[in-house]
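Chain letters run A, B, ... following the sequence lines, proteins first, then strands; residues in each count from 1. Hydrogens, waters and symmetry mates are skipped; everything else that's a heavy atom, side chains included, is used.
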Protein chains: 2
Amino acid sequence: MRPEHPKTKTDILEKAIPLFAKSGFSGVSMRQIAKAIGMNAASLYHHFPDKQTLYVQAVQQAFASREFVLSEVLSMKIPVQEKLRLFVKRICDFMIDDPDFSRLIHREMLDGDGDETRLQLLADQVFHNFFSTVISLANELASDKDPHLLAMSIFGLIAYHYQTTPIRLFLPGAKPEHNDSEIISNHVISLLLQGLESKGNLK
Amino acid sequence: MRPEHPKTKTDILEKAIPLFAKSGFSGVSMRQIAKAIGMNAASLYHHFPDKQTLYVQAVQQAFASREFVLSEVLSMKIPVQEKLRLFVKRICDFMIDDPDFSRLIHREMLDGDGDETRLQLLADQVFHNFFSTVISLANELASDKDPHLLAMSIFGLIAYHYQTTPIRLFLPGAKPEHNDSEIISNHVISLLLQGLESKGNLK
DNA sequence: GTCTATAAAGGGATAGAC
DNA sequence: GTCTATCCCTTTATAGAC
């Protein structure tokens with residue numbers, strides 16, 4: 001019986017992405033990837049010369065298939081605070097929609113350290129457009145602050161709440177609703193817009 | 001010739017910590033650890049029953065040997081903004097002083113996902129005291145905001161700038177001084193205290 | 001407490017049939 | 001394009017000498 005569903009490169013990469021996101025490059029074997037796809041490990045070598053190449057292409061595909069589209073928000077005729085609100089909500093939705101994506105980013109920042117081509121890929125394919133847009137907004141919002149640092153703060157503030165989701169329940173003061181995207185985005189927006197000075201806590 | 005410097009468990013763990021911080025559990029072999037120490041891989045099994053145990057104890061040691069001491073700041077007779085300043089500066093110093101520590105935290109949040117005992121360890125040994133103190137400060141600073149979310153935001157805001165250090169140079173608007181701890185802590189403090197409203201950017 | 005030697009399993013990768 | 005079979009190396013872990 002001949003195989004009924006020959007697998008394309010894309011099919012293979014799609015199945016490999018969640019595995020690499022969960023366990024990293026050295027935590028996943030070619031045999032495991034093959035098993036997840038339902039094919040033999042040897043067949044993977046028909047599509048990719050080696051594991052490293054498969055991995056890099058999986059990361060590329062994960063990064064290319066999703067895009068932070070924020071630039072349209074930037075050109076809307078709405079107050080800049082409203083733009084910030086939309087930015088934050090979109091980034092939050094993004095984190096929820098594709099947890100593998102943010103895990104891979106997270107992992108590449110850890111594992112890619114020292115490998116400049118991997119970091120460059122991450123920077124160019126994932127961050128560049130997105131980050132430029134956040135920088136533009138940062139300039140509109142607070143021209144006196146360093147735009148790069150401010151953009152990083154905005155993104156990091158959101159990303160960290162999602163990164164820490166698994167451990168949150170074990171931390172003091174945690175409540176189930178702290179994992180709710182609406183709650184997180186409202187918290188981030190109010191912190192960014194008002195800082196800690198709301199309601200006259202500080203004199 | 002007898003071995004001149006019998007190694008203690010602690011010696012072994014100290015050498016293993018940076019390796020695991022750099023490459024993760026499955027990225028480091030017992031041989032590599034043994035080599036770093038200057039002993040034979042088989043000898044490691046005299047001190048630890050298996051690799052998993054060695055890893056867990058290395059993480060425990062890394063987490064136990066350093067502590068965020070912030071509680072004394074909390075009881076100082078200074079304005080709450082000054083307490084925040086001290087908190088942020090200390091956390092920044094911490095990130096700089098022991099990059100392995102923050103890499104391990106970072107890694108455990110990724111790899112410990114699904115393993116409740118590992119996350120519990122991280123939460124209890126690393127975060128509990130520290131996080132409780134930040135929550136107390138958060139209450140002093142802005143009693144109208146959720147203390148847990150605010151504590152997470154304060155820590156995440158700082159941690160993210162250090163997490164992204166390796167990739168920062170590839171991102172738009174990056175300058176060498178963005179890796180300077182003084183610059184980062186000043187940025188974070190001003191963002192937290194003033195939000196984006198400084199100098200009347202927003203009406 | 002450390003070593004050499006080795007077992008047993010799993011890893012990446014290739015050859016060749018279909 | 002996928003399979004079986006296999007090579008060769010590395011890995012974890014153990015046994016036993018010193």
Next item on the list: Measure from CD1 on A:Ile33 to P on C:dG11 and round the result to the nearest Å.
Entry: 11 Å
Note to self: Does any part of the side chain of B:His178, heavy atoms only, come nearer than 4.5 Å to the side chain of B:His187, both counted from C-beta?
What the structure shows: no
What N/O pairs connect the protein and nucleotides 12-15 of chain C at under 3.5 Å? Give each pair on its own line.
unit_1	atom_1	unit_2	atom_2	d
C:dG12	OP1	A:Lys51	NZ	2.9
C:dG12	OP2	A:Met30	N	2.7
C:dG12	N7	A:Arg31	NH1	3.0
C:dG12	O6	A:Arg31	NH2	3.1
C:dA13	OP2	A:Tyr45	OH	3.1
C:dA13	OP2	A:Lys51	N	2.9

Checklist line | Nucleotide C:dG1, atom P - distance to CG of B:Asp11 in whole Å | finding: 12 Å
Notebook entry, point to check: Does D:dG1 have OP1 or OP2 sitting under 4.0 Å from an N or O in the side chain of A:Ser43?
Noted result: no
Next item on the list: Could you check how far NZ of A:Lys35 sits from P of D:dC3, rounded to whole Å?
Entry: 14 Å
Notebook entry, point to check: What residues form a ring-ring contact (aromatic ring centres under 6.0 Å, His included) with A:Phe87, not counting sequence neighbours?
Noted result: none
Check: C:dT4 P sits how many Å from B:Leu44 CG, rounded?
Finding: 13 Å
Next item on the list: Please name all residues satisfying salt bridge (charged side-chain N to carboxylate O under 4.0 Å, His left out) with A:Asp115, sequence neighbours left out, ordered by chain then number.
Entry: none
Show every donor-acceptor pair shorter than 3.5 Å between a side-chain atom in residues 120-130 of chain A and any protein atom, with sequence neighbours excluded, or say none if there are none.
unit_1	atom_1	unit_2	atom_2	d
A:Gln120	NE2	A:Asp124	OD1	3.4

Would you give me the side-chain donor-acceptor pairs under 3.5 Å for residues 69-78 of chain A, sequence neighbours excluded?
unit_1	atom_1	unit_2	atom_2	d
A:Glu72	OE1	A:Arg90	NH2	3.4
A:Ser75	OG	A:Glu72	O	3.1

Note to self: Going by side chain to side chain donor-acceptor pair (under 3.5 Å), name the residues that satisfy it together with B:Gln57, two or more places apart in sequence or in a different chain.
What the structure shows: none
Next item on the list: Quickly work out the B:Ile37 CD1 to C:dT2 C1' distance and round it to whole Å.
Entry: 13 Å
Note to self: Is there a side-chain contact between B:His47 and the phosphate of C:dT2, meaning an N or O under 4.0 Å from OP1 or OP2?
What the structure shows: yes
Check: Can you tell me if the side-chain N/O atoms of B:His46 get under 4.0 Å from OP1 or OP2 in C:dT2?
Finding: no
